[in-house]
2 protein chains.
Amino acid sequence: MSDYISSNTMKRLPFYLEYLLKIRDEGIVNVSSKAIAVALNLGEVQVRKDLASISKNGRPKIGYEINSLIGDLQKFLGYKDLTDAVIFGAGKLGTALLDYNGFEECGLNVLMAFDSNPKKAGKSDSGKPIYTLDELPMIAKSMNISIAIIAVPAQHAQEVCDIIVENGIKAILNFAPVHLDAPKDVIIKNENLAYSLALLSIELKAKK
Amino acid sequence: MSDYISSNTMKRLPFYLEYLLKIRDEGIVNVSSKAIAVALNLGEVQVRKDLASISKNGRPKIGYEINSLIGDLQKFLGYKDLTDAVIFGAGKLGTALLDYNGFEECGLNVLMAFDSNPKKAGKSDSGKPIYTLDELPMIAKSMNISIAIIAVPAQHAQEVCDIIVENGIKAILNFAPVHLDAPKDVIIKNENLAYSLALLSIELKAKK
DNA sequence: TGTGTTTCGATAAAATAATATCGATAACTA
DNA sequence: TAGTTATCGATATTATTTTATCGAAACACA
C-alpha cells in the first residue's frame, strides 16, 4: 500500500473490480496478475503495481485472493459510504442520469435534479424529485451535497456553475461542452460526450 | 507540425478551439500562448507545444492569428468532413444522445438508433429513426457506419458489441459499465458515467 | 536607427508512467 | 525431501509527458 495513486491507476481500478466481480460469480477464488492482464489487455507488471497500491500482497504461485481484493477495491473506491450528488438540468441527459441505476453500486447517491424551468419540476420516471433552481439555496443549506452534475445547454453552463459554487458545492462533473471558470478549490471534471466521440473518430481516421 | 500527437494533447485541443471561438466573437484577432494558458489553466509552454503540433507558427510579440488557428484546429479535429455514427439502445441515454445537438459541430453525424425492442422503433423526438436490431445488417451494408455508440444495459453490452463487430463497424464508444471483448482492430473507448463520478468523489475525499 | 519588451520555437531538464528484469517464495511433483 | 515451476515484489530501464531555460524574431518608441 503506497501513499500516492496516480490518476491513470485510478482509472483502471474500476475495471479490475468489474472483472473480479465477474469471475467471482464463476466460482474463481484466486487470480494471477497475468490472468487479469490478459483479460483487460494490460501489462501484467502494471496490474501488479496497480493492485499493490491499494491492496495487500498476492501469493507466489497462487496469485491474489479474489474476495479480499474486491473488498479492498470497493473500500478504496468508496463504494460503501455513499456520496450525495445532484443534477442540474432536467432535459434528456439530466433525466437519463437521474434515473440511471448504475450509480449506487459505485457509491453514489444521485438524489434529485434542478431545472430553471418550473414546468420540469415534479418527479422523474423513477420517482426522484425535480426542483426549480431557486429552491437550491434552501435545499443546499439543509443537506450536504458533495457533487453537482451539470447537464444544461452550453450557454447556461457557466451561470449554473456560478450558482453551484455560491451554494458551497466543491466538485462538478460538467457535461456541457464549455470550459467553466471556478475558484481553484472547486474540482471540475469535464465529460464532453461530443469530444469523446470526436476523439474516437480522429483515431479511426488516423488508423487508415 | 509534427507527426505524432499524444492523446493528452488531443484531449486539450477541443478546449483550445472552444476558447478561441469564444474570444473571436469578442473581436480578438491575435492571441498569445500566455493568454490561452491563463484562461484554460495550463502551462504556456504546453500550450505552445500543443498548438505547434497542429498549426503553423505564431509570431513573436504578436502571438497566434486566431482565424487560422481555429481553422487548423477544426481541420485537424475533423470538424468538417462528417463521420457517421449510430446508437445502440434507445433508452433514456440512447435517445438523449440521439437528440443531442452538439455532435454536428464536432464533425459527427448521429444518424439513427437501434433497439432490440420493436416497441421502441419509430422516430425520436427530433425525428431521427429508431430501428430494430435485426434491421442492422441490411442498413450497415447499404451505408458506411464508422462509429457505434453502445447505450444498452450492461448485461446486453457484450452481445450488442459482437453484433456491431460482425457488421464491420470498427470503432465503439461504450457507455455500459462493462469491459468489452473485441478483436484488436476494433477501437473501443469506455465512457462510464458512474466511474467518472466515482473518481470525482474519490478526489474530493482525498482533498479533505 | 537603436534599445527595450514581448513572445515565440527549440532544446534541455525534470517528473511521471509504463515496461522489463530478476531474485525470492510458495506450491506442486517425483 | 529435492527439484521444478508459477508467480510475486522490488528494482532498474525505457518511454512519455510536463515544465524550465534561453536565444532569436517582431514590434514599439525614443
Side-chain angles (χ1 to χ4, degrees), chain A residues 1-16 19-20 23 28-70 72-73 184 199 202-203 206, chain B residues 1-16 19-20 23 28-70 72-73 76 184 190 199 202-203 206:
Chain A
M1 294 238 199
S2 88
D3 38 356
Y4 173 74
I5 296 176
S6 84
S7 75
N8 285 358
T9 294
M10 288 227 294
K11 278 181 205 151
R12 286 187 294 267
L13 294 179
F15 289 92
Y16 296 133
Y19 173 69
L20 293 171
I23 63 172
I28 296 171
V29 291
N30 289 106
V31 64
S32 71
S33 57
K34 191 176 176 182
I36 299 175
V38 169
L40 300 183
N41 239 317
L42 300 168
E44 59 179 296
V45 180
Q46 189 170 60
V47 172
R48 282 201 292 274
K49 273 193 101 178
D50 286 346
L51 295 183
S53 67
I54 55 104
S55 187
K56 56 183 182 301
N57 295 356
R59 292 161 64 200
K61 184 83 180 181
I62 299 292
Y64 298 86
E65 210 253 294
I66 281 199
N67 274 320
S68 76
L69 204 48
I70 287 175
D72 288 337
L73 276 165
K184 252 179 286 178
L199 289 178
I202 291 165
E203 261 183 64
Chain B
M1 294 239 199
S2 88
D3 38 356
Y4 173 75
I5 296 174
S6 85
S7 76
N8 285 359
T9 295
M10 288 227 294
K11 278 179 204 152
R12 286 188 292 266
L13 294 180
F15 289 92
Y16 296 132
Y19 173 70
L20 293 172
I23 62 171
I28 295 170
V29 291
N30 289 107
V31 64
S32 72
S33 57
K34 191 175 179 183
I36 299 175
V38 169
L40 299 183
N41 238 317
L42 300 167
E44 57 179 296
V45 181
Q46 190 170 60
V47 172
R48 282 202 291 274
K49 274 196 101 177
D50 286 346
L51 296 183
S53 67
I54 55 103
S55 187
K56 57 183 183 298
N57 296 355
R59 292 161 64 200
K61 182 82 180 184
I62 300 293
Y64 298 85
E65 209 254 293
I66 281 200
N67 274 319
S68 76
L69 203 48
I70 288 177
D72 288 338
L73 276 165
F76 175 79
K184 251 178 287 177
N190 291 290
L199 289 179
I202 291 165
E203 260 182 66

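Naming convention: chains lettered A, B, ... in sequence-line order (proteins, then strands); numbering from 1 in each chain.
- Minimum interatomic distance between Y19(B) and A35(B) (heavy atoms only, all atoms of both residues): OH-O, 4.0 Å.
- Residue K61(B) contributes atom NZ, which lies 6 Å from atom C1' of dA28(D) at whole-angstrom precision.
- Summarising the geometry, the separation between CG on D50(A) and P on dA10(D) is reported as 15 Å, rounded to the nearest angstrom.
- Counting all heavy atoms, side chain and backbone alike, M10(B) lies closest to I5(B) at CG-CG2, 3.6 Å.
- Residue K49(B) contributes atom NZ, which lies 14 Å from atom P of dA13(C) at whole-angstrom precision.
- Between dG9(C) and N57(B), a contact under 4.0 Å exists linking OP1 or OP2 to a side-chain N or O.
- Atom P of nucleotide dT21(D) and atom CD of E44(B) are separated by 12 Å, given to the nearest angstrom.
- Distances were taken from every side-chain heavy atom of P60(A) (C-beta onward) to each of dA18(C), dT21(C), dC8(D); the shortest belongs to dC8(D).
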Could you go through Y16(A) and V47(A), starting from their C-alpha distance and side-chain angles, then the distance that decides it, and tell me whether this counts as side chain to side chain contact (heavy atoms under 4.5 Å, CB included)? CA-CA 9 Å; Y16(A) 296 133; V47(A) 172; 3.8 Å; yes

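- Summarising the geometry, the separation between CZ on R12(B) and C1' on dT19(D) is reported as 12 Å, rounded to the nearest angstrom.
- Taking both residues in full, the closest heavy atoms of I54(B) and F76(B) are given as CG2-CG, 3.8 Å, listed atom of the first, atom of the second, then distance.
- Applying the 4.0 Å criterion to OP1 and OP2 of dT16(C), one finds that N8(A) has every side-chain N and O outside that range.
- Remark: C1' of dC8(C) and CG of L51(B) are 12 Å apart, rounded to the nearest angstrom.
- Between I36(A) atom CD1 and D50(A) atom CG the span is 10.0 Å, to the nearest 0.5 Å.
- Spacing between atom CD of Q46(B) and atom P of dT16(C) amounts to 13 Å, rounded to whole angstrom units.
- Mapped onto DNA chain C by nearest heavy atom, S6(A) and R48(A) fall at different nucleotides, with S6(A) at the one closer to the 5' end.
- Between R12(B) atom CZ and K49(B) atom NZ the span is 10.0 Å, to the nearest 0.5 Å.
- Remark: C1' of dT16(D) and CE of M10(B) are 15 Å apart, rounded to the nearest angstrom.
- The listed nucleotides are dT19(D), dC27(D), dC8(D); the one nearest the side chain of R59(B) is dC27(D).
- Contact between the side-chain N/O atoms of Y64(B) and the OP1/OP2 oxygens of dT6(C) is not found at any separation under 4.0 Å.
- A distance of 10.5 Å separates OG of S53(A) from CG of D72(A), quoted to the nearest 0.5 Å.
- The stretch residues 29-38 of chain A touches DNA chain D through S32(A), S33(A), each having a heavy atom within less than 4.0 Å of the strand.
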